[in-house]
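Quick note: residue numbers are just sequence positions, from 1. Read the numbers this way: they start at 1 and go in the same order the structure lists the ligands and their atoms.
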Amino acid sequence: MQVIQRVVELRQHLEPLRQAGKRIGFVPTMGNLHEGHLQLIRLARQQADIVVASIFVNPLQFGLNEDWEQYPRTLERDSAMLVAEGCDVLFCPTDREMYPNGMETQTKVEVPTMTNILCGASRPGHFLGVTTVVAKLFNMVQPHVAVFGIKDYQQLAVIRRMTEDLCIPVGIIAAPIARADDGLALSSRNGYLTAEERPRAVALYQALCRAREAIAGGRRDYATIEKEARETLAESGMRPDYFSVRHARTLEAASPDDRDLVLLGAVYLGKTRLIDNVSVSI
Ligand code: PAF
């Protein structure tokens, strides 16, 4: 596996491969890799000849009081995992390489819809940071396809919209949520959970599944379903941020006529923020 830090070297490495007709698959990450990321790499491998992963803990998408500084940097371990998965290129730019003119004056890419609701409401500026860095990474790697996890459902929807609006020639592939045996969605942030919190963390997924069953069973009183779920989560010791039934594509509040729905939840368990979602078609 080639480990590359500079954009110019990345281009030099990838251009001849692209010219030779190789399809390039891209998996952007912030490192601290787990099985969920490896599934993204495998999906990229199925769709492409050359797999490029990036690791960049993007300061632009973290709020002032968020965990950018404490976010685990585990490059050596991540790198070994990517080698074992047969990844071809690891691109790990420095902050300076990504933002040579500084972050303040960086040109930003903003998706105006879907970004100030749900996670965007509690993390102002988060999606602006995500879309800006992903647009830059797309320009750097110029992949044919890029793989994103459905676990970050809103991020995936926002990136799809950005790609469509800016006519970026990349196919966006959605990877299913990888879960632990008890159902907890795999996430780099699960590592923040204490031993006491970890078994309780599955309550979010359980609440989502219960709400999905209620909807599949015919209930359309979404506001009540959301309220009940928030109460159950609070009773199980979590601080719900949101629990919401939404239109699967637009992420607008679901109406009883909508057919494709997504149920999204975010909670704090101790200091850890967990997100998860399930889909249902009716
Ligand atoms: O999902 C992530 O890990 C990040 O938001 C991403 C897409 C790599 C952008 O920094």
Visitor: Would you say Thr29 has any N or O atom under 3.5 Å from an N or O of ligand 1, going by distance alone?
Guide: no

Visitor: Distance to 0.1 Å, residue and atom name: give those for the protein heavy atom nearest to atom 5 (O) of ligand 1.
Guide: Gln155 OE1, 2.7 Å

Visitor: Could you tell me which atoms of ligand 1, counted from 1 in the order shown, lie closer than 4.0 angstrom to a heavy atom of Val133?
Guide: 9 (C), 10 (O)

Visitor: Would a 4.5 Å heavy-atom cut-off, applied to side chains only, mark Arg246 and Leu264 as touching?
Guide: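 They are in side-chain contact.
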
Visitor: Nearest to atom 3 (O) of ligand 1, what protein heavy atom do you find, and at what distance?
Guide: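 Sorting protein heavy atoms by distance from atom 3 (O) of ligand 1 puts Met30 CG, 3.6 Å first.
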
Visitor: Answer yes or no: is there a side-chain heavy-atom contact under 4.5 Å between Arg198 and Asn190?
Guide: no

Visitor: What protein heavy atom lies closest to atom 9 (C) of ligand 1? Include the residue and the distance to one decimal.
Guide: Gln61 OE1, 3.3 Å

Visitor: Within the structure provided, determine whether Thr131 and Lys136 are in side-chain contact (heavy-atom separation under 4.5 Å).
Guide: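 No, too far: nothing below the 4.5 Å cut-off.
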
Visitor: Take a 6.0 Å sphere around CD of Gln70 and say whether it holds more than 12 heavy atoms from other residues, nucleotides or ligands.
Guide: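 Enclosed: over 12 neighbouring heavy atoms sit under 6.0 Å from CD of Gln70.
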
Visitor: Using a 6.0 Å cut-off, check whether atom CD of Glu35 has over 12 heavy atoms from anything other than its own residue.
Guide: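 Enclosed.
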
